Each structure stands twice: as C-alpha cells, then as structure tokens.
Amino acid sequence: EKGGYDTFMEKEIHEQPQAVGDTLLGRTDEDGRLVLDELRISEEQLKNVDRITIVACGTAAYAGMVAKYAIEHWTRIPVEVALAHEFRYCDPIVSERTLVVSISQSGETMDTLMAVKHARELGALTVSVCNTHGSTIPRESDAVLYTHAGPEIAVASTKAFLAQITACYVLGLYLAQLRGGSYADDAAAVLKDLHEVPDKIAELLGSMDRVQEIARFMADTRSVLFLGRHVGYPIAMEGALKLKELAYIHAEGFAAGELKHGPIALIEPGQPVFIVVPGPDTPHGLHGKVVSNIQEIRARGARTLVIAQEGDTAVEPFADEIIRVPATSPMLAPLLTVVPLQVFALHLSTAKGLDVDQPRNLAKSVTVE
Ligand code: F6R
C-alpha cells in the first residue's frame with residue numbers, strides 16, 4: 001500500500017507531480033483558457049467580488065499565504081489570510097462582495113468549518129478548496145474547488161499542500177481571466193508556466209540525495225531557522241512546521257526582512273539556517289536583498305543551507321550547501337522550493353528513529369475546536 005516506499009509521507013512526497021497535474025487537469029479548454037463551471041457561481045457574482053478572505057489552519061494557511069501574493073498580483077483584488085480560529089472570533093469585516101475561500105485537506109477541520117459557517121451567516125460568498133469529496137466543509141460552502149491530490153494518509157501534509165496552492169492559483173488566474181485585458185493575457189502566460197511545473201517537481205525529486213545526507217548528519221541538531229521572502233516567506237514557515245511536527249526540533253520561519261529587527265540575535269556559530277532564495281528575476285530586486293541576508297548571517301557564523309534556482313551563481317560565495325531547484329516564474333516557485341524542506345524533515349525524523357507517518361500528539365484531522 002506504500003507503493004515500495006518506507007512511509008506514506010515519502011510516497012506522498014513522490015506523488016506531488018501528479019497532485020499538481022491532476023489539480024490542473026480538465027480545468028482548461030482547447031484554447032488554454034480556464035473553465036470553472038464546476039464552481040457554479042455566476043461570472044457576474046465573481047466579477048462583483050471586491051475582497052477575498054482566506055481561512056485555514058496550519059499548512060493549509062501557509063498555502064493561503066502563498067495564494068495571497070499571487071491572487072493580489074494577478075487580480076489587484078485585496079486578499080487577507082486569517083487563521084480560521086482567529087477569524088471566527090475577531091468580529092471579521094465581511095460583506096456580500098467578500099469571497100471567503102477556505103482551504104482544508106480533510107474538509108473536517110472544526111476551526112475552519114466554524115469560520116465558513118460564520119462567514120456565510122455574515123452574507124459572504126464561500127468557496128471551499130478541499131481534497132476530500134463529500135466532507136463537511138464543501139457541503140457547508142456555496143461552492144467547491146477540489147484539489148486532486150488523492151488520499152493523504154501521513155499526518156504531515158505534503159501533496160495536499162501543493163495541490164492547495166495549485167487550486168488557489170487556478171482560482172486567482174480565473175479571476176484575472178474574468179477581468180480581461182492585460183490581466184487575462186498575463187494570466188494565460190502564467191498558466192502556461194504552471195502546466196510545466198509537475199515535470200519540474202519530478203526532476204527535483206530525482207536530485208534529493210544530498211538533502212537526505214544533510215538531514216542524516218543533523219540528527220543531533222536542536223534548532224533550525226528558516227528564512228524566506230515574498231512567496232518564500234510562507235514556505236520558510238512551512239519548512240519550520242514540518243520539522244517541528246516530524247523531528248520534534250525547535251524550528252522557526254521568518255520573513256528575511258525581519259532579520260535585523262530581532263531574529264539576527266539568534267545567529268551564533270554553527271546555527272543551521274535554511275534560506276529560500278527568490279529567483280533572480282523576482283521583481284523589486286528581492287533576490288539581491290536575500291543574498292545580502294545570507295551574507296550577513298554567514299558572517300556571524302551561521303551554517304547556510306541555501307535553496308536557490310538553477311543557474312543562480314550569486315549565492316555561491318555565501319552558501320555552505322546549495323540545494324538547486326528548477327527555474328520557474330516567481331509566483332510559482334513555492335511548488336518547488338518547499339520540496340527539499342519536506343524531504344529534509346522526513347529524513348531528519350527517520351534519522352532520529354521517529355514515526356514519520358504518525359508524529360506524537362497529532363491527528364490527521366482536527367475535528368474539535
Ligand atoms: C501540517 C498539517 C496541519 C494541517 C491543518 C489543517 O502538516 O497537516 O497543519 O494542515 O491541521 O488541516 P486541513 O487541511 O485538513 O484542514
């Protein structure tokens with residue numbers, strides 16, 4: 001049942017090219033335009049949306065954070081991401097023109113369900129991004145956009161995360177397409193790149209030996225930091241969460257720009273730090289800014305584990321290890337950069353002799369508030 005892998009998590013990590021591919025499948029017409037009739041929300045209603053709020057917990061919320069950058073950039077509609085348990089009790093501002101997008105693998109997370117019900121009571125239009133057919137959250141929502149990751153057995157989410165990000169991209173690109181003009185043209189170009197991502201993930205999965213080795217040598221590590229920026233910021237937090245869950249190691253993800261506002265005090269000789277580097281063509285010179293961050297922490301003795309695009313030579317002087325990911329457009333990078341972090345957590349957990357699929361104290365779906 002584990003398809004030749006030692007654990008479900010490892011199997012599910014390897015199913016990620018398919019999870020992304022299947023989530024895209026059947027959602028475009030022969031002209032390459034997105035078709036989302038399955039939503040059963042009229043174009044008029046969607047065009048009326050002036051604000052999007054994403055509600056989710058844990059890894060699904062990090063998918064939401066990635067989606068925020070992408071959807072705002074592609075549509076210019078303001079997007080807010082709220083942890084479902086916070087949203088429910090913070091007197092949220094919601095109107096009939098608000099689209100509340102919930103993200104949940106299981107479709108049973110009580111916190112997320114309560115947030116959706118509350119949003120509906122307040123008159124919002126609700127869409128569920130969900131991996132489980134017939135589960136509660138899609139039933140309680142106005143519409144559903146299923147992720148097609150297949151059943152996820154390992155407690156720690158991997159392939160569902162990639163599928164959630166993909167579904168949110170699809171939704172964002174669809175909204176951009178509805179806006180027409182240059183929005184639609186830009187969306188069409190991104191969609192083309194998105195279709196190439198599954199092959200790139202497969203290629204990346206074939207080059208994870210070094211990551212496995214690094215993890216094996218780090219079995220005694222007590223703390224790992226993760227830095228990212230832009231869409232790499234939620235990926236840094238997801239990398240930290242995977243490590244907490246699977247290897248019971250203290251881990252923290254930061255926005256790289258925050259470093260000098262406090263966290264840099266944590267850097268001491270030997271401190272391992274993963275850095276998710278934006279591609280060199282990311283707007284606003286963010287690549288160069290993150291390279292400077294690597295230089296700063298390296299100068300203070302950090303052990304820098306750098307995740308960088310193929311061909312990015314600027315990171316080389318400051319990296320103790322470079323983990324290469326295939327190049328893609330800046331917004332789509334999370335589908336690649338998260339993979340080595342998942343593999344790292346998996347192998348560190350294994351090196352410590354822990355139960356990868358069933359970490360202590362955790363349940364696959366959290367059906368209590
Ligand atoms: C992390 C993890 C959790 C879930 C969270 C939401 O690996 O699995 O953080 O992402 O509990 O679960 P769903 O997506 O089922 O609502």
Side-chain angles (χ1 to χ4, degrees), residues 7-13 15-16 19 23 54-67 81-88 100-117 119 126-141 144-168 226 234-249 251-253 334 338-339 341-346 348-349 354-369:
T7 59
F8 281 109
M9 186 184 175
E10 190 173 10
K11 172 172 178 269
E12 288 161 6
I13 286 174
E15 287 170 346
Q16 295 187 115
T23 299
I54 299 177
V55 294
C57 303
T59 290
Y62 296 142
M65 285 180 67
V66 170
V81 186
L83 292 169
H85 35 90
E86 288 295 321
F87 173 88
R88 172 65 187 86
V100 171
V101 179
S102 65
I103 307 177
S104 175
Q105 187 287 128
S106 62
E108 301 295 347
T109 300
M110 184 57 80
D111 289 318
T112 309
L113 174 62
M114 298 295 278
V116 170
K117 284 188 171 173
T126 54
V127 174
S128 154
V129 170
C130 185
N131 198 47
T132 310
H133 282 259
S135 58
T136 309
I137 296 172
R139 267 193 279 124
E140 294 286 338
S141 303
V144 53
L145 186 61
Y146 281 110
T147 48
H148 294 151
E152 193 177 62
I153 310 290
V155 165
S157 186
T158 55
K159 64 176 181 172
F161 178 63
L162 268 71
Q164 285 161 351
I165 294 174
T166 305
C168 289
F226 296 77
I235 296 307
M237 294 203 285
E238 169 63 2
L241 180 61
K242 287 284 97 88
L243 203 57
K244 291 173 200 169
E245 287 181 298
L246 291 161
Y248 316 152
I249 289 176
E252 254 189 285
V338 76
V339 174
L341 300 180
Q342 298 168 336
V343 172
F344 175 74
L346 163 77
L348 195 43
S349 174
L354 301 174
D355 186 340
V356 170
D357 288 333
Q358 291 282 347
R360 69 184 179 200
N361 308 341
L362 294 172
K364 184 61 184 162
S365 63
V366 184
T367 53
V368 291
E369 244 194 287

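Read the numbers this way: they start at 1 and go in the same order the structure lists the ligands and their atoms. We count residues from 1, following the sequence as given. All of these numbers come straight from a predicted model, not from anything done at the bench. Just the heavy atoms: all of them, side chains too, but no hydrogens, waters or symmetry mates, feed the values below.
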Chain-and-number sorted residues having a heavy-atom contact under 4.0 Å with ligand 1 are Cys57, Gly58, Thr59, Ala60, Ser104, Gln105, Ser106, Thr109, Val155, Ala156, Ser157, Gln164, Lys242, Glu245
State which residues pass side-chain contact (heavy atoms from CB on, under 4.5 Å) with Met65; sequence neighbours excluded, sorted by chain then number. Tyr62, Val81, Tyr233, Pro234, Met237
Show me the pairs that pass side-chain hydrogen bond (donor to acceptor under 3.5 Å, both in side chains) and involve residues 358-369, at least two apart or across chains. Tyr89-Glu369, Glu152-Lys364
Val116 vs Ser128 side-chain heavy atoms within contact, under 4.5 Å: no
Taking Asn131 for the side chain and Gly150 for the main chain, is one N or O donor matched with an acceptor at less than 3.5 Å? yes
Return a table of donor-acceptor pairs under 3.5 angstrom between the side chains of residues 54-61 and protein atoms on other chains or two or more places apart.
unit_1	atom_1	unit_2	atom_2	d
Thr59	OG1	Glu238	OE1	2.9
Thr59	OG1	Glu238	OE2	3.4
Thr59	OG1	Lys242	NZ	3.2

Rounded distance [0.5 Å steps], CD1 in Ile153 versus CE in Met9: 14.0 Å
